[in-house]
Amino acid sequence: MAAAATMLSIQGDWDQVLREAEGEVWVSCRIPGKPTIRVSLTSKGISSDEVPEVTASEEFVVQEVTKVSYLDISSGGDLGVSSSTDQTFKVWETHNTEVKSVLEGHTRDVFSCKFFPSGQEVLSGGLDSLVKVWSVNDGSCLATMKGHRGSILDIAVVADGQNVISSGQDGTARLWDSAQGACIAVVDDSYSPINAIAVAEVGNAVNLGSPKETPSNREVGTEGKLVVLAREDKSLEEVSLHSRQSRWKQGFFCATGKPPQNLRRNHFPETS
């Protein structure tokens, strides 16, 4: 039988309360075989970079408060990864919050980070227009993907992770070979930034069409999958990941099929 894990609990609305002057929230820590520790955290104000300055009552010590931009948990639940605005992100053990590795290599803020299904690699993207693959064990960068002309806004892992997808401020969604760091295809190219993406498997339940051209042999696990794109202009679109065919689109400009005059493609300098 597995040993009981340490459990840390915090007041549900802590993120709102600690933004108020003298705002106070409760925290409890239950360690197997020991009495539960109950303390409070109190906000002493907001720093210039909008991070709460927090103190704790007895038993707890606040070592650092950082602004977390993204959080993911491995499929096994034993590891977590979190990114922040200091250009780094950390892999940590969920049962005791001990940092396993610090991943450094992005030159600007890291906006998103996700585990591969194996739990041994992490995918990341950020303000520097780069998508990266990292080793959880030693923190090394395994691959870097270049091609976007603006910030990376979201990322997704396809199947077992041989392929990944990224979306960006430049209005494109790109399919990558994660091992070689090469772009396989531009899945979507629009005038509006793509803020979020999600991959769903539908199998044979839906006719997703056939590719117009023979797919690259580096494309793995895209059959029977849809990618949903959420854009800055408030539109949503479903695209077949394998055939690249648009299946469904909803947004305020869909009646005409044309973007509003005030929404044009953003132009960014090419990434070297």
Side-chain angles (χ1 to χ4, degrees), residues 70 72 111-112 114 116-117 123-126 129-131 133 145-178 180-268 270-271:
Y70 207 96
D72 192 31
F111 287 160
S112 54
K114 291 182 180 179
F116 281 68
L123 182 69
S124 68
S129 307
L130 301 178
V131 180
V133 179
M145 289 155 264
K146 301 179 181 180
H148 281 281
R149 296 170 294 165
S151 304
I152 308 300
L153 301 180
D154 203 6
I155 50 178
V157 178
V158 180
D160 62 0
Q162 293 183 65
N163 290 170
V164 298
I165 307 175
S166 60
S167 67
Q169 184 75 23
D170 60 0
T172 67
R174 296 172 181 264
L175 181 69
W176 305 88
D177 178 331
S178 62
Q180 297 185 17
C183 183
I184 298 172
V186 176
V187 178
D188 189 76
D189 189 358
S190 64
Y191 59 88
S192 181
I194 302 174
N195 292 338
I197 53 177
V199 177
E201 184 164 0
V202 296
N204 297 323
V206 179
N207 181 9
L208 299 180
S210 300
K212 295 180 179 179
E213 301 177 358
T214 302
S216 165
N217 57 12
R218 294 179 298 173
E219 186 171 327
V220 181
T222 60
E223 299 91 340
K225 293 182 176 62
L226 285 170
V227 58
V228 181
L229 313 171
R231 297 192 179 90
E232 183 74 18
D233 64 5
K234 302 180 183 179
S235 69
L236 292 172
E237 184 174 8
E238 283 184 357
V239 177
S240 168
L241 189 54
H242 190 58
S243 70
R244 322 283 195 253
Q245 295 178 20
S246 176
R247 285 195 35 82
W248 173 83
K249 192 172 186 178
Q250 181 176 5
F252 60 79
F253 62 84
C254 288
T256 64
K258 298 179 180 180
Q261 291 298 315
N262 64 337
L263 284 178
R264 301 284 182 84
R265 172 182 297 283
N266 293 315
H267 293 283
F268 298 88
E270 294 290 342
T271 303

Worksheet item: Yes or no on side chain to side chain contact (heavy atoms under 4.5 Å, CB included) for Tyr191 and Arg231, after CA distance, side-chain angles and deciding distance?
Response: CA-CA 9 Å; Tyr191 59 88; Arg231 297 192 179 90; 5.8 Å; no
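- We find the CG-CD distance between Leu229 and Glu237 to be 6.0 Å, quoted to the nearest 0.5 Å.
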Practice prompt. Begin from the C-alpha positions of Val164 and Ile155 and carry the test side chain to side chain contact (heavy atoms under 4.5 Å, CB included) through to its verdict.
Written response: CA-CA 7 Å; Val164 298; Ile155 50 178; over 6 Å; no
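- Nearest approach of Ser151 to Phe111, heavy atoms of both residues: CB-CE1, 3.9 Å.
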Worksheet item: Would Val131 and Leu123 satisfy side chain to side chain contact (heavy atoms under 4.5 Å, CB included), going step by step from the backbone distance to the final call?
Response: CA-CA 7 Å; Val131 180; Leu123 182 69; 3.6 Å; yes
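- Among residues two or more places apart in sequence or in another chain, the side chain to side chain contact (heavy atoms under 4.5 Å, CB included) test is passed with Val186 by Thr172, Arg174, Asp189.
- Annotation for Ser166 and Trp176: closest pair OG-NE1, 2.7 Å, computed over non-hydrogen atoms.
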Discussion item. Run Val158 and Ile165 through side chain to side chain contact (heavy atoms under 4.5 Å, CB included) and show every step you take.
Written reply: CA-CA 7 Å; Val158 180; Ile165 307 175; 3.7 Å; yes
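- Once rounded to the nearest 0.5 Å, the distance linking OG of Ser167 with CG of Asp154 reads 5.0 Å.
- Remark: Ala159 engages Lys225 in a side chain to side chain contact (heavy atoms under 4.5 Å, CB included) (not counting sequence neighbours).
- Taking CD1 from Ile152 and CG from Asp170, the interatomic distance works out to 7.0 Å, rounded to the nearest 0.5 Å.
- When the side-chain hydrogen bond (donor to acceptor under 3.5 Å, both in side chains) test is applied to Ser124, the partners found at least two apart in sequence or on another chain are His106, Trp134.
- Atom CD of residue Gln169 and atom OG of residue Ser129 lie 9.5 Å apart, to the nearest 0.5 angstrom.
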Identify all side-chain donor-acceptor contacts of residues 203-221 below 3.5 Å with residues at least two apart in sequence or on another chain.
unit_1, atom_1, unit_2, atom_2, d
Asn207, OD1, Gly209, N, 3.1
Ser216, OG, Arg218, N, 3.0
Glu219, OE1, Arg244, NH2, 2.8
Glu219, OE2, Thr222, OG1, 2.7
Glu219, OE2, His242, ND1, 3.2
Glu219, OE2, Arg244, NH1, 3.3

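- Residues passing the salt bridge (charged side-chain N to carboxylate O under 4.0 Å, His left out) test with Asp72, sequence neighbours excluded: none.
- Formation of a donor-acceptor pair under 3.5 Å by the Ser192 side chain with backbone atoms of Asp233 is found in this model.
- In this structure, the separation between CE on Met145 and CD on Gln180 is 11.0 Å, given to the nearest 0.5 Å.
- Looking at heavy atoms from C-beta onward, Val187 lies in side-chain contact with Leu241 at the 4.5 angstrom threshold.
- A search for side chain to side chain contact (heavy atoms under 4.5 Å, CB included) contacts involving Gln245 returns Ser243, not counting sequence neighbours.
- Separating the OG atom in Ser235 from the NZ atom in Lys249 is a distance of 6.0 Å, to the nearest 0.5 Å.
- The closest donor-acceptor contact from the side chain of Ser178 to the backbone of Gln162 lies under 3.5 Å.
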